[in-house]
Amino acid sequence: MRFSQSLIPTLKETPAEAEVASHRLLLRAGYIRKLTAGIYTYLPLGLAAVRKVEKIVREEMAMAGAQELLMPMVQPADLWHETGRYQKYGPELLRFVDRHNRESCLGPTHEEVITDIVRREIRSYRDLPQNLYQIQTKFRDEIRPRFGLMRGREFIMKDGYSFDVDDEAANKSYQQMFDAYNRIFKRCGLEYRPVEADSGSIGGSFSHEFMVLADTGEDTLVICSACDYAANSEKAEIAAPQADECPMLDLEKVETPGKRKVSVVCEFMEIAPHELVKTMVYEADGIPVAVLVRGDREVQEVKLKNLLGAADVAMLEDKAVFDATGVPTGYLGPVGIKIKLLVDNEVAAMRNFVTGGNEKNYHLKNVNMGRDFEAEAIADLRQITDQDPCPACGAKLGMKKGLEVGHIFKLGTGYSTVMNAVFQDQDGKDKPVVMGCYGVGVSRIVAAAIEQNHDENGMIFPMSLAPMQVIILNLGLKDAAITETAEALYLELQKYGVDVLLDDRDERPGSKFKDADLLGIPLRITVGKRFTKDGVVEIRQRKDGSVEELEPQQVTHRILEIIRIAMNND
RNA sequence: CGGAACGUGGCGCAGCCUGGUAGCGCACUUGUCUGGGGGACAAGUGGCCGGAGGUUCAAAUCCUCUCGUUCCGACCA
């Protein structure tokens with residue numbers, strides 16, 4: 001590629017809309033341009049980086065025995081009605097009608113379509129297993145797209161689906177994908193962790209997320225300091241603590257005028273927040289529910305959602321809380337509450353705690369579950385903290401921020417049952433296929449790689465993802481010897497299959513150096529004054545700034561060597 | 001969807017409060033010089049100030065509505 005003839009519109013200044021590093025740099029380096037909120041054009045270099053990720057994904061999928069296909073982006077609503085997800089999926093599913101007034105949607109994921117294919121084409125256990133994937137543009141009408149490629153509405157995803165005869169075989173498929181995913185992210189040069197995760201609206205029994213560790217990550221991970229345990233904090237289970245066996249004291253009503261916040265009540269009553277229990281009110285699919293957690297804890301809404309099997313859970317506003325309970329927020333308590341009551345298992349083990357009095361300006365002291373109120377359910381409902389022990393081994397936990405770049409699920413027979421995707425087994429009986437599904441955020445990987453690898457001068461791509469592996473700077477356009485050498489290297493490297501960009505623009509050296517850094521190309525060859533003087537060109541590595549000077553005829557050999565080593569290590 | 005902010009040449013911004021000639025830096029064009037970390041000088045091109053309505057002799061500026069974008073939160077395979 002010749003820089004002078006390419007569309008690589010680099011910017012000196014950062015566009016005002018970009019906050020996070022990857023978004024800023026992708027815009028500045030001329031990799032992407034925004035069309036509208038959450039929707040981007042991949043310019044030539046941006047697309048080249050995406051293609052590198054796709055190449056790795058395809059190679060690893062092939063190695064794992066998966067086959068590529070391509071499904072439609074526009075899908076009929078009927079299919080989604082079959083699984084109930086046309087309602088359940090929520091507003092992220094972009095719905096529209098076509099000219100015949102038929103309901104349709106843009107595919108945010110493809111369980112329905114792939115299951116439809118399989119139920120039509122798979123007859124016998126002899127046809128299984130199948131593992132099918134595609135790399136395709138997905139559309140999810142996110143409430144709030146942000147961070148450039150990190151959370152777009154339209155994005156490129158690899159989604160794969162496995163179909164097996166039974167659980168055991170499905171587990172094997174899952175494990176194969178788990179291993180393949182590890183290879184993919186390793187080859188992409190990412191620092192990542194597989195973690196246990198919630199399976200969200202895709203459904204299924206068990207899942208792992210692959211998280212790139214980065215401060216800008218939107219998810220919080222808990223990672224055990226001693227064992228292998230790692231989980232998304234929304235999933236991380238907290239064991240029920242030992243029940244407090246101390247004797248129950250008499251219930252006491254305390255006047256607490258104007259004391260509503262946990263901190264204020266605690267100060268007023270001279271207790272610590274962990275001695276108080278707060279009553280949070282949520283709405284789960286339109287039905288109000290109260291949740292008790294310790295005063296210093298937070299409710300984990302994903303756990304709540306899963307417990308209730310609800311599609312949508314949201315905290316109620318003050319006014320709605322009053323409408324549902326007849327009590328203003330701040331004085332709510334479990335004793336005599338009129339709505340469904342769920343209790344965090346930590347609270348269930350407490351004795352003699354303080355709660356709201358279910359009456360304006362009153363709190364209750366020495367409240368005890370079983371004596372003073374009953375719960376509809378006791379469960380792990382709170383957000384884990386780094387003070388909690390590891391659920392697997394009890395050791396200390398660390399918390400880290402992560403970006404989700406992959407997610408794999410054991411789906412079981414949920415989809416195949418409702419969609420009647422069955423095969424005839426050896427015993428002659430029809431059985432539902434056992435499914436798994438596997439996603440990689442292809443465009444997000446590009447952003448995540450930049451998030452993890454950049455400095456104040458620009459991106460620093462790992463060799464495996466770099467849109468161009470080498471940039472050659474011709475610093476003497478008017479100097480015949482320099483230009484001939486740069487051109488010859490350009491042709492020779494291309495001949496050996498190296499992705500090389502020749503900066504043949506009539507720009508001053510400073511601009512070329514700045515742009516080369518900004519673009520994040522791992523290797524830079526400079527042909528300039530040092531060539532005129534000493535007959536050498538320089539090879540500089542973007543990641544550590546190391547420079548070696550070589551005669552032109554040695555360059556190709558050395559470059560190929562560096563690339564080979566980098567591709568194996570990254 | 002709740003909270004906040006912002007829309008002025010391609011990009012980054014000033015001007016708005018206190019109404020009256022639309023401005024700066026970068027980029028772009030031409031020329032001369034320059035040529036190893038975003039050069040200098042000179043001369044230029046380009047903007048009905050997001051849109052609609054209103055107030056006014058007069059609106060980028062004041063008012064109303066609307067559209068768009070971003071940030072925080074909630075949401076998220």
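Quick caveat: nothing in here was measured; it's all calculated off a predicted structure. A note on names: the letters A, B, ... follow the listed sequences, proteins ahead of strands, and every chain is numbered from 1.
In this pair, H23(A) and Y40(A) present their aromatic rings perpendicular. The plane angle is above 60°, beyond the 30 to 60° band. Between F409(A) and H407(A), the ring planes are parallel. Angles under 30° get that label, and only those over 60° would be called perpendicular.
Contact of R28(A) with G12(B) (side chain to base): no donor-acceptor pair of N or O atoms is detected under 3.5 Å. With hydrogens and angles left out, the side chain of R508(A) and the base of U34(B) share a donor-acceptor pair within 3.5 Å. On a pure distance criterion of 3.5 Å, no polar donor-acceptor pair joins the side chain of N457(A) and the base of G37(B). The base of C76(B) is paired with the side chain of R151(A) by a donor and an acceptor separated by under 3.5 Å. At a cut-off of 3.5 angstrom, the base of G35(B) holds at least one donor-acceptor pair with the side chain of K478(A). You'll find a donor-acceptor pair under 3.5 Å spanning the side chain of R524(A) and the base of G37(B), going by distance alone.
Within 4.0 Å of P15(A), counting heavy atoms only, lie sugar-phosphate atoms of the nucleic acid but no base atom. Residue D517(A) is in base contact, counting any heavy-atom pair closer than 4.0 Å across all strands shown. Looking at heavy-atom distances under 4.0 Å, R444(A) makes no contact with the nucleic acid at all. Counting any heavy atom pair closer than 4.0 Å across all strands shown, M315(A) reaches no nucleic acid atom.
For E548(A), the side chain to side chain donor-acceptor pair (under 3.5 Å) criterion is met by R558(A), not counting sequence neighbours. The side chain to side chain contact (heavy atoms under 4.5 Å, CB included) test applied to I559(A) returns V470(A), L493(A), L523(A), I525(A), I539(A), V555(A), I563(A), not counting sequence neighbours. Residues passing the side chain to side chain donor-acceptor pair (under 3.5 Å) test with E13(A): none are found, sequence neighbours excluded. For R540(A), the side chain to side chain contact (heavy atoms under 4.5 Å, CB included) partners at least two apart in sequence or on another chain are D517(A), R524(A), V547(A). Partners of A16(A) by side chain to side chain contact (heavy atoms under 4.5 Å, CB included), not counting sequence neighbours: none found. For H110(A), there are no ring-ring contact (aromatic ring centres under 6.0 Å, His included) partners, not counting sequence neighbours. Partners of F178(A) under the ring-ring contact (aromatic ring centres under 6.0 Å, His included) rule, at least two apart in sequence or in another chain, are H208(A), F210(A).
Atom-to-atom, CZ of R540(A) to C1' of G37(B) comes out at 10 Å; the value is rounded to the nearest Å. Whole-Å rounding puts the L519(A) CG to G38(B) P distance at 17 Å. Atom NZ of K533(A) and atom P of G36(B) are 11 Å apart (whole Å). Put simply, CD1 on I143(A) is 14 Å from C1' on C72(B), counting in whole angstrom units. Whole-Å rounding puts the L518(A) CG to C11(B) C1' distance at 14 Å. Here U70(B) presents its P atom at 11 Å from CD1 of I39(A), a figure rounded to the nearest Å.
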Between the protein and nucleotides 67-69 of chain B, are there any N/O to N/O pairs under 3.5 Å, and if so, what are the atom names and distances?
| unit_1 | atom_1 | unit_2 | atom_2 | d |
| --- | --- | --- | --- | --- |
| U69(B) | OP1 | T36(A) | OG1 | 2.6 |
| U69(B) | OP1 | A37(A) | N | 2.9 |
| U69(B) | O3' | K34(A) | NZ | 3.0 |

Using atom names, set out every protein N or O paired with an N or O of nucleotides 23-30 of chain B below 3.5 Å, distance rounded to 0.1 Å.
| unit_1 | atom_1 | unit_2 | atom_2 | d |
| --- | --- | --- | --- | --- |
| G25(B) | N2 | E13(A) | OE1 | 2.9 |
| C26(B) | O3' | K12(A) | NZ | 3.4 |
| A27(B) | OP1 | K12(A) | NZ | 3.4 |

